[in-house]
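Residue numbers begin at 1 in each chain, while the letters A, B, ... track the order of the sequences. What you see is a predicted model; the values in this text were computed from it and never measured.
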Amino acid sequence: MPDGSRSTLPFHLHRFHGGLHLEDHKQESATRPLQTASLPGQLILRLKQHIGEPNEPRVAVGDRVLRGQKIADTPERVAAPLHAPSSGTVVAIEDRPVAHPSGKSDRCIVIEPDGLDEAIAFEPPDLERCSREDLLRLIREAGIVGLGGAVFPTAAKAETAAAHPIQTLIINGAECEPWITCDDLLMRSRPEAVIAGIRHLQRILEPAQTLIGIEDNKPEAIAAMQQALDEAALTDTRLVPIPTVYPSGGEKQLIKILTGHEVKSRHLAFEIGLLCQNVGTCAAISDALDRGQPLTHRIVTVTGTGVREPGNWVVPLGTPFEHLVELAGGFSVERPEPIMGGPMMGFEVRLDAGLVKAGNCLLILNRDHRPEEHECVRCGRCTDVCPAQLLPQQLYWYGRARQFDKAEEYHLFDCIECGCCAAVCPSHLPLVQLYRYAKSEIREQQRKSWKSDRARKRHEFREARIARQKAEEEERRRKKREALAKKKSTPAARPETELDPVQAALERVKARKAAQQVAPKNTDNLTPAQRRQIEEAEARRRKLKQGPDS
Amino acid sequence: MSHLYSPFVTPSSSTNRMMLNVVIALIPGTLAYAWYFGPGVLVNVVFASALALALEAAVLLLRQRPLKPYLGDFSALVTAWLFALSIPMHSPWWLIATGIGFAMIAGKHLYGGLGFNPFNPAMIGFVVVLIAFPKEMTTWFAPAELTGQTLGLADSLRYLFGLGDNAQWDALTSATPLDHYRTSLGMDLTISEIRQSPLFGDFGGVGWEWIANWWFIGGVFLLLTGTIRWHIPVAMIGSLLAIATLFWLIDPDGTASPTFHLFSGGMMLGAFFIATDPVTAATTPRGRLVYGALIGLLVYIIRSWGSFPDGVAFAVLLANMATPLIDYYTQPRVYGELPEEED
Ligand code: SF4
Ligand code: SF4
């Protein structure tokens with residue numbers, strides 16, 4: 001099929017268990033065109049914006065940096081460097097509050113933009129001559145991570161996956177969380193960049209087919225993407241509108257919807273020949289490979305009941321969230337509740353934290369009173385909606401009782417923290433929060449027991465070595481003793497027997513022969529156990545030779 | 001800064017609302033009960049409810065818990081109401097007090113309160129008084145249709161406090177249809193002979209069968225509002241009908257018909273209101289089916305071969321006991337766990 005993109009064959013969609021039909025609140029921000037954010041007074045760039053190894057600064061306080069200049073990196077493979085989003089001066093490298101569920105502080109590079117927005121010279125690579133390895137290296141160098149929220153370094157993911165035969169490349173444009181529309185806007189305004197990125201991924205992974213999944217509540221994005229796809233004439237690539245059910249954009253759920261496959265617990269998608277990439281990541285790959293531009297900006301939805309003019313902006317990384325609130329016309333409620341991400345999986349952030357690569361949305365809600373909590377009444381609504389097909393009430397029960405082994409038995413680690421259970425719980429229990437806590441506790445325990453395990457193994461190894469040395473020492477001494485004893489016993493025999501010299505000479509020869517036979521042979525390079533065996537055998541032989549009375 | 005946590009959505013339901021739905025769903029059946037048997041049942045319900053709420057408040061004070069959220073959750077009301085409906089009308093106050101006391105304290109708070117109780121509190125209370133006061137618990141009043149009269153409110157109150165008139169009492173009491181069945185079958189009467197008794201209506205007992213219909217309607221309301229799910233009632237009724245049909249086909253003249261079983265005693269109330277108590281029922285989807293079926297089966301067994309005329313309370317408590325086991329063995333297949341893989 002030369003033009004797989006325009007297939008009119010019906011596509012068989014699968015369903016995942018549970019999920020929720022949520023009020024999607026997309027209109028608030030999706031009806032305005034994509035805008036470009038103004039520069040804030042400071043860019044606060046967290047050093048580590050990805051999953052994996054931490055970065056080290058490549059600049060010093062006082063340095064002038066240009067847009068696109070690398071400012072942090074590490075030699076490690078599973079990492080992504082960081083680049084300056086605008087020209088300016090590094091004014092600090094210090095701990096600042098970061099966008100993190102715990103509200104903690106972490107190392108950040110603070111840049112004061114000079115407003116000139118001078119960039120380094122971007123040189124698009126000569127793609128014709130690039131090998132697969134070159135492409136992966138370029139993607140890594142551009143600081144690209146999964147922009148759907150997972151922020152796993154894209155090059156590392158693709159490299160690992162490329163070692164397996166990839167059957168299906170899945171492009172995630174589902175954007176299933178309410179309120180968020182940044183992928184929608186991206187697909188509507190730059191569909192050709194997304195498609196170009198897909199083409200690069202296809203070159204790296206050589207999948208048999210590519211499926212682009214977009215929730216059917218985004219008809220404009222679907223139309224724009226389909227048109228770009230037709231124009232690009234990608235082979236064996238198909239756009240599949242999928243029903244709007246939260247969390248269809250979860251990797252495992254999207255895989256199920258599009259392929260019917262399920263990724264086994266504790267396994268990764270590429271092990272069954274699948275790889276998922278977010279549409280935003282695809283556009284970033286195109287920017288890196290077609291324009292030579294690293295990842296310095298991303299589209300952010302600023303929305304919610306708590307801002308005056310919701311919308312989407314192309315925002316330099318490191319922009320403080322309060323600047324985003326200003327862009328959206330300021331707060332419209334008394335007690336705003338700022339959340340990074342969507343209402344289902346997002347978390348509260350401080351407004352002075354800087355935007356990170358994971359930041360797809362700044363949601364401002366009104367801080368309502370939390371409804372009263374009750375005990376779990378085991379009503380099972382959570383079970384009905386859990387897309388991982390778990391028993392959230394049992395996880396809650398065991399998690400709260402700190403019976404973590406039991407919680408694990410009930411597949412705690414298969415929980416994707418989608419929040420469906422907590423959203424329907426009539427007792428308003430903080431279920432997801434408890435699961436996160438239980439998971440971190442278990443990981444901590446495992447880390448500890450792994451450490452003590454390692455200490456124990458080291459100890460055992462040392463004990464074994466000492467024992468072996470002792471055995472060897474013993475062996476040496478024994479041999480020495482034997483040799484001495486032989487020397488002594490030979491002359492001592494004479495006075496007793498009082499044989500004539502000829503007889504005595506004969507006896508000596510016999511004794512020497514016997515000693516030679518008894519002496520252990522080839523005992524070098526043997527393990528203590530083997531030595532012990534030989535020793536025992538020799539001892540038995542000696543006994544037999546010397547007769548029962550000796 | 002106090003950290004808020006996801007999901008940030010307004011909850012669509014609450015435990016209070018669910019319990020309130022149960023109370024609402026009980027109203028039509030309770031009114032029908034009063035219609036056929038007199039207002040005595042209302043006296044039972046009101047007295048039991050007041051007692052339960054007072055006890056709940058007292059225990060909460062003792063346990064130093066806030067009153068408002070717990071008292072407002074309607075669960076004490078539901079327990080009291082179900083207990084009051086299960087016992088005979090015009091029961092004396094001390095019987096009700098004993099039952100409610102056991103239900104609230106031994107059945108609920110000793111385990112740590114709502115959510116922690118392994119047994120249905122109302123049924124705990126019921127079984128305690130059934131065993132402690134067998135005479136009072138088997139004295140049932142006949143429907144108005146048979147005796148031509150019922151006790152008014154004043155008389156009902158008098159009986160509640162043990163001041164009633166004994167002669168009047170004897171004139172009005174009668175065996176329940178289930179009771180009648182047991183004794184008559186014991187006397188080797190055939191079903192058709194037994195059904196000659198004026199106690200019997202079209203399906204079950206006179207009056208009783210209509211109340212059962214109202215419980216059913218209340219149950220439909222609970223299903224439609226999503227308060228309960230279909231699994232338990234359907235499995236419970238299904239299994240009772242299945243086993244009753246089986247024995248009835250084998251010996252139609254020696255066993256009660258399946259419909260009689262369905263419309264008698266605590267079956268309807270049990271299927272929609274008692275067995276569906278989520279706290280003490282199995283919680284996995286398949287587990288609910290097993291749980292419901294087990295109760296239906298036990299009801300039939302206890303009614304047919306046990307020493308009590310009705311078996312719903314015992315059946316529910318026995319199934320409560322099996323709940324952890326049922327839940328354990330009916331865990332759903334987790335995403336990514338392939339069905340053919342058994343490891
Ligand atoms: S939804 Fe809430 S109350 Fe119901 S079983 Fe789940 S955790 Fe318990
Ligand atoms: S948060 Fe976890 S337990 Fe709750 S519904 Fe999602 S996957 Fe299931």
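Looking at A:Arg381, its side chain does come within 3.5 Å of a backbone N or O of B:Gly226 through a donor-acceptor pair. A donor-acceptor pair under 3.5 Å links the side-chain atoms of B:Arg229 to the main chain of A:Cys379, judged by distance alone.
Atom CD of residue B:Glu337 and atom OG of residue A:Ser265 lie 8.0 Å apart, to the nearest 0.5 angstrom. Note: B:Tyr335 OH to A:Lys264 NZ = 12.5 Å, rounded to the nearest 0.5 Å.
Here B:Phe116 and A:Trp397 bring their ring centres to under 6.0 angstrom of each other.
Within residues 275-296 of chain B, the residues having any heavy atom under 4.5 Å from a heavy atom of chain A are, by residue number, B:Pro278, B:Val279, B:Ala281, B:Ala282, B:Thr283, B:Thr284, B:Pro285, B:Arg288.
For residues 103-117 of chain B, every residue pair satisfying the side-chain hydrogen bond (donor to acceptor under 3.5 Å, both in side chains) rule, not counting sequence neighbours, is listed here: B:Glu56-B:Lys108, B:Glu56-B:His109, B:Arg63-B:His109, B:Ser75-B:Lys108.
B:Pro7 and A:Ala423 get closest at one heavy-atom pair: CG-N, 3.8 Å. When all heavy atoms of A:Glu262 and B:Gly336 are compared, the closest pair comes out as OE1-N, 2.6 Å.
Listed by chain and number, the residues in a salt bridge (charged side-chain N to carboxylate O under 4.0 Å, His left out) with A:Arg266 are A:Glu408 (sequence neighbours excluded). Every residue meeting the ring-ring contact (aromatic ring centres under 6.0 Å, His included) condition with A:Tyr398, not counting sequence neighbours, appears here in chain and number order: A:Tyr410.
A:Glu23 does not touch chain B: none of its heavy atoms, backbone or side chain, sits under 4.5 Å away.
The candidate from B:Ile228, B:Thr15, B:Val9, B:Thr227 with the greatest count of non-hydrogen atom pairs under 4.5 Å with chain A is B:Thr15.
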